[in-house]
Structures are given as C-alpha cells and as structure tokens.
> 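Have a look at this one.
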Amino acid sequence: GAVIGRITGRYAAQLGTFKYVSGTHARLDRDSSGWSITDLGSRNGTAVNGVRCSPTLPFRKGDTIRLSNFYDFTVQ
C-alpha cells in the first residue's frame, strides 16, 4: 500500500509541513472489498469519520480521514 507520512511515502512533499503528522503515519491499501487505512503507530492517531483506527478501518468516497487530530481530508 501507499504510505502516508511527513518523511516517508509518496505524499511526504505535501505533508512535510504538517508538524503533528508522524514521519511514517499511516498506510492506504486496496483489495477486492475496497480501500482501508492502517495507522502505523503514529503518536497522534488516524481516524475515519471520527472513529479512531486501531489499527485498520475501511473508507470510501465521501468519508473524512483525519490525521493527528488536526488534519481532515475528504475522500474523492
């Protein structure tokens, strides 16, 4: 899957200034049932629609993914 983080992953350039996102924060995966996000032991957590990942949750278009209790992203 694709890693999301301030230092690691293909979105590091976009997340590099987000000081509460961990260096290696979460991983996005896709399988036959759809997409999921897994928190990779980040300090400030990951959530989907307000439900904290422990460690993995599914998500779909229209859902809100929150990184570090501060940064919200709507899935498109």
Side-chain angles (χ1 to χ4, degrees):
V3 173
I4 297 173
R6 216 172 9 93
I7 298 170
T8 306
R10 77 187 277 198
Y11 302 102
Q14 291 87 353
L15 298 174
T17 61
F18 289 41
K19 68 180 183 176
Y20 296 108
V21 172
S22 294
T24 303
H25 195 95
R27 185 182 68 241
L28 302 172
D29 292 295
R30 189 174 197 313
D31 62 21
S32 60
S33 62
W35 287 93
S36 64
I37 188 166
T38 302
D39 186 86
L40 298 175
S42 69
R43 176 179 275 184
N44 295 306
T46 303
V48 176
N49 297 328
V51 177
R52 205 166 163 104
C53 294
S54 62
T56 303
L57 282 175
F59 68 89
R60 62 179 189 238
K61 186 177 180 179
D63 287 347
T64 299
I65 293 176
R66 175 172 278 186
L67 301 178
S68 301
N69 299 319
F70 294 101
Y71 310 110
D72 290 341
F73 302 91
T74 301
V75 179
Q76 297 185 10

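If you read the sequence from its start, that first residue is 1, and numbering goes on from there.
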> Within this structure, what is the CG-CD1 distance for the pair L57 and I65, rounded to the nearest 0.5 Å?
9.5 Å

> Tell me every residue that passes side chain to side chain donor-acceptor pair (under 3.5 Å) with T74, counting only those two or more places apart in sequence or in another chain.
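Not a single residue meets the side chain to side chain donor-acceptor pair (under 3.5 Å) criterion with T74.
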
> Out of curiosity, I4 CD1 to I37 CD1, how far, rounded to the nearest 0.5 Å?
4.5 Å

> Is the backbone of V3 close enough, under 3.5 Å, to the side chain of H25 for a donor and an acceptor to pair up by distance?
no

> Among all residues two or more places apart in sequence or in another chain, which pass the side chain to side chain donor-acceptor pair (under 3.5 Å) test with S22?
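S22 satisfies side chain to side chain donor-acceptor pair (under 3.5 Å) with no other residue.
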
> Do F70 and I7 share a hydrophobic cluster (ILVMFWY, side-chain heavy atoms under 4.5 Å, transitive)?
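As far as the 4.5 Å side-chain criterion goes, I7 and F70 are not connected within one cluster.
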
> Enumerate, atom names and distances included, each donor-acceptor pair closer than 3.5 Å involving a side-chain atom of residues 8-21, sequence neighbours excluded.
unit_1: T8; atom_1: OG1; unit_2: T24; atom_2: OG1; d: 3.0

> May I have the list of side-chain donor-acceptor pairs in residues 47-55 shorter than 3.5 Å, sequence neighbours left out?
unit_1: N49; atom_1: OD1; unit_2: T64; atom_2: N; d: 2.9
unit_1: N49; atom_1: ND2; unit_2: D63; atom_2: OD1; d: 2.9

> Holding to salt bridge (charged side-chain N to carboxylate O under 4.0 Å, His left out), I want the full list of residues that pass it with R66, two or more places apart in sequence or in another chain.
D72

> Could you give all pairs that pass the salt bridge (charged side-chain N to carboxylate O under 4.0 Å, His left out) test and reach residues 29-45, with sequence neighbours left out?
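Passing the test, one end in residues 29-45: R27-D29.
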
> Same cluster for L67 and L28 if Ile/Leu/Val/Met/Phe/Trp/Tyr side chains link at under 4.5 Å?
yes

> List the residues meeting side chain to side chain donor-acceptor pair (under 3.5 Å) with T38, not counting sequence neighbours, and say none if there are none.
T56

